[in-house]
2 protein chains.
Amino acid sequence: MARIPGRQPTAPPTLADVAERAGVSRQTVSNAVNNPDLLRADTLLRVQEAIEELGYLPNRAARNLRTRASHLVGLRINPVQEGTASAIMDRFVHSLVETSREAGKHVLLFAGDPLDPLAGYDDLLRSTAVDAFVVTDTYLGNPQAAWLGARRAPFVAFGRPWDNPAANHPWVDVDGAAGCELATSHLLDQGHERIAWIGWRKDSWIGEDRRSGWTRALRARGLSTTGLASRVEDTVASGRGASAVLLDEARPTGFVCASDTLAMGVLHTLAERGLVAGRDVAVVGFDDSQVAQVVPPGLTSVRQPLEEVAVEVVKALEGLLAHPPAVGPGVLLTPTLTVRGSSSAVGFGT
Amino acid sequence: MARIPGRQPTAPPTLADVAERAGVSRQTVSNAVNNPDLLRADTLLRVQEAIEELGYLPNRAARNLRTRASHLVGLRINPVQEGTASAIMDRFVHSLVETSREAGKHVLLFAGDPLDPLAGYDDLLRSTAVDAFVVTDTYLGNPQAAWLGARRAPFVAFGRPWDNPAANHPWVDVDGAAGCELATSHLLDQGHERIAWIGWRKDSWIGEDRRSGWTRALRARGLSTTGLASRVEDTVASGRGASAVLLDEARPTGFVCASDTLAMGVLHTLAERGLVAGRDVAVVGFDDSQVAQVVPPGLTSVRQPLEEVAVEVVKALEGLLAHPPAVGPGVLLTPTLTVRGSSSAVGFGT
DNA sequence: ATGAAAGCGCTAACAT
DNA sequence: ATGTTAGCGCTTTCAT
């Protein structure tokens, strides 16, 4: 990289450096970067050469100050839940970063006090550090949505506004009911007729949604759900306990679970009883976590299309930050089912 | 939040707004924020009240432009390795974000073409979007370190400069050899004498380091390692294959693995042969992934102290960005062993 | 098609 | 202890 004498050896070149080198004004360089159409072809070429030679790239801070935009998207991350199989954030974050890059944005991570869902948002907003937020933890009944809305802070939610269908912020979500219906139908197709559900407590909107997919699939085949459902906390121990009770009292031949964590609990029960998943009892989880992928004999699981979610989220962000802002309707994506050994003898061997 | 008439209703208050309200100059407000010691107590109080009332927070872009610092740390993230148990990034990223916050920094995520380890760094550097980088994927023989060094880009590595012990950049790493020695000693203490190693190919520095811990522990008790080691790719299938061969040819009663992924491969082999982990054969993995935590009967695993790593990384960053920069020696942290059912009948029941 | 002037909000350097 | 001046690097507006 060529250096201008008299400058700090590490200071990157500025617009003025390029202008001098190309023999034009600073403004023309700016136009070459942002509105190339305005330049005559030969001028443009000369400026571009100078840019190339100097390795010029616009200074972010200066541009941000001038345009009042940071091209940064804030994403709050919570601590990893140890002892669970929860694994979607990892994949989602990567997809979001990747997609954001294509849209000329970067992702700014910030931490949040798990007890205060609002912590961190305010400072970033008031210091104009980010242009918008991506809000992911809507499962709590997200006060963020209302709060951010009240502050006129642009944001896109990954997750439906369950508690307020009239909310007018953009959102993207995955159809959990469809996923569980898919899972249940898969077991029905394998010949199972007594299929149990292990899900979350009734106050979880997501949990009730997923459960409805199980109900729907059984009803569609004229099968009863009575005595086959259990609602517990999202822990391996709860899954194990619930499956033990269900096996004793309802004798199901298959389990559909609201999470991979609960499904792993079922695998624990089976291991204790000398039963083999996929041969003796079928098990399906939700999220297609790494756990599902590597546990013997492989856990069949509902997979959220997180790459698509990221694409839709970024699309919504771009609309939101456009002039004038454009807010489309919520987007509901359909998950797929990844079949492994836990639900089909064929799948044995990973 | 009070609003100044004549301004956009959404534009945050500026230094000038606060100055006017407090009846002082803009500089005094700036000092109140950055050098409160310079103000007389009563002036400081008045300014602070004005700041409070207006909800003022300094504009990031303006401050960044003026101070030539973004208080942003760049972290490149790679795609999640599907089908493996690899899980440390998640935990590390969260710890890093948390610790950075305490140091007044935020973490900027960017994506990288997995094939080009340098992609993404250059642009952020030249556009002065970040103050420094945290480099994590040093296992490849990291060209980033040399490259960033040549550009005088401040960075801290999570991972030793294996290929260049003379490198003078700050780094933090976890002692893999000590971890595997811990794991092997644990099995020795349980009475095992034939303990096999399943690790990575010889060109992996990290793999050889971890393996040396296994060797050291066996040698210390006068036991031979001959015929007990295998070097394969980091996949579940490889771990399964290697453990099958080792069981047939060397009859080990315990396995120490370079990763949880390989350890899961061992569990596959055991499941196929009707053997029970922890009762018939002991297995230890590395990384204490979620997989290790939830798989029945629980996988004993070496746990990296990622929270400490993050603390040391941020410490090193602060030194690096201080005036003048201060670069301390590399920091090597010691992992712990999390014992679960796969290596002790006691651990049965999670 | 190109250039000149102004200013985004802040802080470093110097006055007072 | 506080105020004044200048300028960080860029883009918007307006003139040429």
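Throughout, protein chains are lettered first and strands after them, A, B, ... in sequence-line order, and every chain is numbered starting at 1.
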Rounded to the nearest angstrom, tell me the gap between atom [atom1] in [X] and atom [atom2] in [N].
X: Glu20(A); N: dG9(D); atom1: CD; atom2: P; answer: 14 Å
X: Arg60(B); N: dG9(D); atom1: CZ; atom2: C1'; answer: 19 Å
X: Leu15(B); N: dG7(C); atom1: CG; atom2: C1'; answer: 15 Å
X: Arg63(B); N: dC10(C); atom1: CZ; atom2: P; answer: 8 Å
X: Arg68(A); N: dG9(D); atom1: CZ; atom2: C1'; answer: 16 Å
X: Asn59(B); N: dG7(C); atom1: CG; atom2: P; answer: 18 Å
X: Leu65(B); N: dT11(D); atom1: CG; atom2: C1'; answer: 13 Å
X: Arg66(B); N: dC10(C); atom1: CZ; atom2: P; answer: 13 Å

* Asked: Where the side chain of Thr43(A) is defined as all heavy atoms beyond and including C-beta, which of dT11(D), dT2(C), dG9(C) is the nearest nucleotide?
  ->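 Of the candidates, dT2(C) comes closest.
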* To do: For the pair Arg126(A) (side chain) and Gly55(B) (backbone), establish whether a donor and an acceptor sit closer than 3.5 Å, ignoring hydrogens and angles.
  =>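 Here the side-chain-to-backbone pair exists.
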* To do: First locate atom OG of Ser100(A), then atom CG of Leu317(A), and finally report the distance between them rounded to the nearest 0.5 Å.
  =>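 Separation between the atoms: 7.0 Å.
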* Mind checking whether Phe133(B) and Phe110(B) have parallel, tilted or perpendicular rings, split at 30° and 60°? ->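 The arrangement is perpendicular - the two ring planes meet at more than 60°.
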* For Glu52(A), does the CD atom sit with more than 12 other heavy atoms under 6.0 Å from it, leaving out its own atoms? ->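 No.
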* Asked: Of all of residues 26-36 of chain A, which get a heavy atom below 4.0 angstrom from DNA chain C, listed by number?
  ->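 Close to the strand are Arg26(A), Gln27(A), Thr28(A).
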* **Residues Glu318(A), Lys315(A): salt bridge by 4.0 Å N-O rule** =>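 Salt bridge: no.
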* Are Glu49(A) and Arg46(A) ion-paired here, with the side-chain N under 4.0 Å from a carboxylate O? ->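 No, Glu49(A) and Arg46(A) are not salt-bridged.
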* Asked: Mapping Leu44(B) and Pro58(A) onto DNA chain D by nearest heavy atom, which one lands closer to the 5' end?
  ->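 Nearest nucleotide further toward 5': that of Leu44(B).
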